[in-house]
S.K.: 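First the structure, which I've put down as structure tokens, then a few questions once you've had a look.
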Amino acid sequence: MFASRAAYISIIYLFIPILVWVLGWCQWWVAAPIVLLVTWGIWRLWPDVRHSYAQSVAIPWWGWVLLLLYAAGCVFLCGFDGRVQQSWDFIVRNPLYAHLIEQAWPTQLTDGGIVVYPLQFWLVPAALSKCLPTASTLFLQLWVLLGLTLVGVNIWQVLGKWRTLILLGAMPVIAPLTHVADDVLNVIFLQDAFFAVHFRLLSPLTQMLNTFHFYVVGCLVLSLLVARQPSCPVMVVLTVALAIMHPMLAVILFPWVLYQYVRTWKREGYAWRGVIWHPVLPGMVCAAAVAGMFYASSTGSELCLVFDAPHARGYSAEYISAFAIGAVLNIIPLLFAWYYSRRGILLYLAGCIPLLTLFWMGQDNGISEWWYKYSVAYAFVLLLSLMLVWDKTMVRIGLCLLLLASGLSFLRELDKKMLLPATRACFAANPQFIQSQYADMNEVDSKLRKQFVSEHLLCPAVFRFSASEQVKR
């Protein structure tokens, strides 16, 4: 029963920001039915959740302490309160969160355009901060802390205590082999990144510190969707939540989710009428439709990267060799885990690697966002699969070797967070160095351009707020 309650709370955690977004961004005649249908569907989803997550593992008091300490450590490293170096992405994260607190919703750019971005994760702490702006940083920290704790609780129900602790400890350390190779080449031979030009596959720690909102949502959905085999209605709910709050990862995983849905539908003997008329489906369809129209309204939105046309590019010997060697390096750990666990999603993720490399051609800035979003699924599924067969000696040896190889990348990332002695001294001498400055909101390159959406779907600004003091970052 505890596992099903934790899963149900996780689903509520995912959908509260979505409902707040619908209320704050849509006209009342659009928002009201969606909120009612989604709320009713989530309420009626409880029997399916209880059936899907029936097996429970008790968490002792020291387990709760460790999970909270782990989540608190991750929150601390993100640098929300400025005690450690924030990543460069915070030059956009900080003003976006501040604008959500200080301005009316829908949030506008300085030139009047509407921000089109998966910003739902910020809305709950932003709404609370409208009432108490001086605690805005604390609200955001607590919201991230809750999400990471739920991830740990869900994993605990599948793996038990020791394997959960090993997985959570390995997540910040593990890094893709292309990332490791680039760090070794940079430190030993002082050579610039060789693989990163084509394989922007990040370590989980790097992704969490740069895009914490995507990291928490991705890990939470994966902990419910991949760790166990949920029922069809639960899969629909989790897929819609992922599509709204993390659209590019949802696109990457959609073929596998669809395959799992058909398998589950056949195994459990769902009738078509039961699937179509399930109470959860109408709300999910409406919410996904509104979000799809919203994201498709801007050529700058992330989801539109799917439709980027390839541009001309020379296939040099360096490019071909980097692609071939890098693909092998990244696929080897997945095939190793598949050999011992026989989990089909590992083969699917391995097949995504050459496909995502082809999508790089559509990125004019030379950086493929697909790799950034793929990274969390790569590391999470790999570690989860290894933990499920942890009793095998070769699995333990393989994971230890992978973590040992990732040690250099882990230390370099920590050094960026100003935790090592040399950087701590720099911080003590100049505390203001760590503060990311406010950037113009036009850094978020997403503007609403479709007249139908801007005039009919979006509501006029109704959540107005004028902060009497600067919002603490």
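What you see below is based on every heavy atom in this structure, not just the backbone, and it leaves out hydrogens, waters and symmetry mates. Values in this document were obtained by computation on a predicted structure and should not be read as measured data.
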S.K.: Hey, does M235 have a side-chain heavy atom less than 4.5 Å from the side chain of P230?
M.R.: yes
S.K.: Hey, what do you get for CE (M245) to CG (L119), rounding to the nearest 0.5 Å?
M.R.: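 Result: 9.5 Å between the selected atoms.
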S.K.: Quick one: side chain to side chain contact (heavy atoms under 4.5 Å, CB included) partners of R44, sequence neighbours excluded?
M.R.: W40, P279
S.K.: Could you tell me whether W61 atom CH2 has more than 12 heavy atoms of other residues or ligands within 6.0 Å of it?
M.R.: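 At most 12 heavy atoms, drawn from other residues, nucleotides or ligands, come within 6.0 Å of this atom.
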S.K.: Aromatic contact between F294 and W21, with the criterion being ring centroids under 6.0 Å apart: yes or no?
M.R.: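 When the ring centroids of F294 and W21 are compared, they turn out to be within the sub-6.0 Å range.
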S.K.: With no hydrogens and no angle check, do the side chains of Y97 and S129 hold a donor and an acceptor under 3.5 Å apart?
M.R.: yes
S.K.: Any side chain to side chain donor-acceptor pair (under 3.5 Å) pairs touching residues 383-401, not counting sequence neighbours?
M.R.: R343-S385
S.K.: Please enumerate all residues that pass side-chain hydrogen bond (donor to acceptor under 3.5 Å, both in side chains) together with S406, with sequence neighbours excluded.
M.R.: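 By the side-chain hydrogen bond (donor to acceptor under 3.5 Å, both in side chains) rule, S406 matches no residue at all.
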S.K.: For R163, give me all partners under side-chain hydrogen bond (donor to acceptor under 3.5 Å, both in side chains), at least two apart in sequence or on another chain.
M.R.: none
S.K.: L249 and A377: which non-hydrogen atoms are nearest, and at how many Å?
M.R.: CD1-CB, 3.9 Å
S.K.: If you round to the nearest 0.5 Å, how far is CD1 of I174 from CG of L399?
M.R.: 6.5 Å
S.K.: Would Q260 and L225 count as a side-chain contact (heavy atoms from CB on, under 4.5 Å) here? Give the steps.
M.R.: CA-CA 10 Å; Q260 293 296 318; L225 195 60; over 6 Å; no
S.K.: Output all residues satisfying side-chain hydrogen bond (donor to acceptor under 3.5 Å, both in side chains) with T164, sequence neighbours left out; order by chain, then residue number.
M.R.: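 If we apply the side-chain hydrogen bond (donor to acceptor under 3.5 Å, both in side chains) test to T164, skipping adjacent residues, there are no hits.
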S.K.: Is Q157 close to S56 at the side-chain level, that is, under 4.5 Å between some pair of heavy atoms?
M.R.: yes
S.K.: To the closest 0.5 Å, what do you measure between CD1 (I34) and CE (M284)?
M.R.: 10.0 Å
S.K.: Report yes or no: does R50 contribute a side-chain atom to a donor-acceptor pair with the main-chain N or O of L45 at less than 3.5 Å?
M.R.: no
S.K.: Can you give each donor-acceptor pair under 3.5 Å made by side-chain atoms of residues 201-209, sequence neighbours left out, with the distance rounded to 0.1 Å?
M.R.:
| from | atom 1 | to | atom 2 | distance (Å) |
| --- | --- | --- | --- | --- |
| S203 | OG | T206 | N | 3.2 |
| S203 | OG | T206 | OG1 | 2.8 |
| T206 | OG1 | E413 | OE1 | 3.0 |
| Q207 | OE1 | V376 | N | 3.3 |
| Q207 | NE2 | Y372 | O | 2.3 |

S.K.: State, with a plain yes or no, whether a side-chain heavy atom of W25 is found less than 4.5 Å away from one of L123.
M.R.: yes
S.K.: Just jot down the side chain to side chain contact (heavy atoms under 4.5 Å, CB included) partners of L69, sequence neighbours excluded, or say none.
M.R.: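 L69: side chain to side chain contact (heavy atoms under 4.5 Å, CB included) contacts with V65.
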S.K.: Drop me the distance from W338's CH2 to L382's CG, to the nearest 0.5 angstrom.
M.R.: 15.0 Å
S.K.: So do L168 and L67 actually touch side chain to side chain, heavy atoms under 4.5 Å?
M.R.: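 When only atoms from C-beta onward are counted, L168 and L67 do touch, with a gap below 4.5 Å.
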S.K.: Provide the closest heavy-atom pair for L100 versus A126 in the form atom of the first, atom of the second, distance.
M.R.: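 Minimum heavy-atom contact is CB-CB, 3.9 Å.
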S.K.: Main chain of S231, side chain of T264: is a donor-acceptor contact present, judged purely on distance under 3.5 Å?
M.R.: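 Here the side-chain-to-backbone pair does not exist.
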S.K.: Between W122 and F212, how do the two ring planes meet: parallel, tilted or perpendicular, split at 30° and 60°?
M.R.: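 Answer is perpendicular, since the angle exceeds 60°.
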S.K.: Using the test side-chain hydrogen bond (donor to acceptor under 3.5 Å, both in side chains), find all partners of T239 that sit at least two apart in sequence or belong to another chain.
M.R.: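 Residues passing side-chain hydrogen bond (donor to acceptor under 3.5 Å, both in side chains) with T239: none at all.
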S.K.: Please give me the minimum heavy-atom distance between A350 and Y374, naming the atom from each residue.
M.R.: N-OH, 4.4 Å
S.K.: Can you find a heavy atom in the side chain of L177 that is under 4.5 Å from one in the side chain of P333?
M.R.: yes
S.K.: Would you call N210 and Y215 a side-chain contact if the rule is heavy atoms closer than 4.5 Å?
M.R.: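 When only atoms from C-beta onward are counted, Y215 and N210 do not touch, as no gap falls below 4.5 Å.
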S.K.: Applying side chain to side chain contact (heavy atoms under 4.5 Å, CB included), can you list everything that pairs with L19, at least two apart in sequence or on another chain?
M.R.: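 V35, V38, T39.
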S.K.: Compare every heavy atom of Q120 with every heavy atom of I244, then report the nearest pair and how far apart it is.
M.R.: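 The answer is O-OE1, 3.5 Å.
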S.K.: Sequence neighbours excluded, which residues qualify as ring pair (Phe, Tyr, Trp, His ring centres under 6.0 Å) partners of F380?
M.R.: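 Counting only residues at least two positions away or on another chain, F380 forms no ring pair (Phe, Tyr, Trp, His ring centres under 6.0 Å).
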S.K.: Do the side chain of Y53 and the main chain of L224 share a donor and acceptor less than 3.5 angstrom apart?
M.R.: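 It does hold such a pair.
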S.K.: Measuring from I331:CD1 to L349:CG, what's the distance to the nearest 0.5 Å?
M.R.: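 One finds 10.5 Å between CD1 of I331 and CG of L349.
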S.K.: Return yes if some donor-acceptor pair links the side-chain N/O of S52 with the main-chain N/O of V49 below 3.5 Å, else return no.
M.R.: no
S.K.: Can you list the residues that meet the side chain to side chain contact (heavy atoms under 4.5 Å, CB included) rule with Y259, with sequence neighbours excluded?
M.R.: R263
S.K.: Side chains of L384 and L167: does their closest heavy-atom pair fall under 4.5 Å?
M.R.: yes
S.K.: Where is the tightest heavy-atom contact between A288 and V240, given as atom of each residue plus distance?
M.R.: CB-CG1, 4.3 Å
S.K.: Show the atom names and distances, to 0.1 Å, of all donor-acceptor pairs under 3.5 Å that link a side chain in residues 4-16 to residues at least two apart or in another chain.
M.R.:
| from | atom 1 | to | atom 2 | distance (Å) |
| --- | --- | --- | --- | --- |
| S4 | OG | M1 | O | 2.7 |
| Y8 | OH | I42 | O | 2.7 |
| S10 | OG | A6 | O | 2.8 |
| S10 | OG | N154 | ND2 | 3.1 |
| Y13 | OH | W143 | O | 2.8 |

S.K.: Hey, does R228 have a side-chain heavy atom less than 4.5 Å from the side chain of V158?
M.R.: yes
S.K.: Distance from L150 atom CG to S223 atom OG, nearest 0.5 Å?
M.R.: 8.0 Å
S.K.: Taking all heavy atoms of L403 and all of V173, pick out the closest pair and write down the distance.
M.R.: O-CG1, 4.0 Å
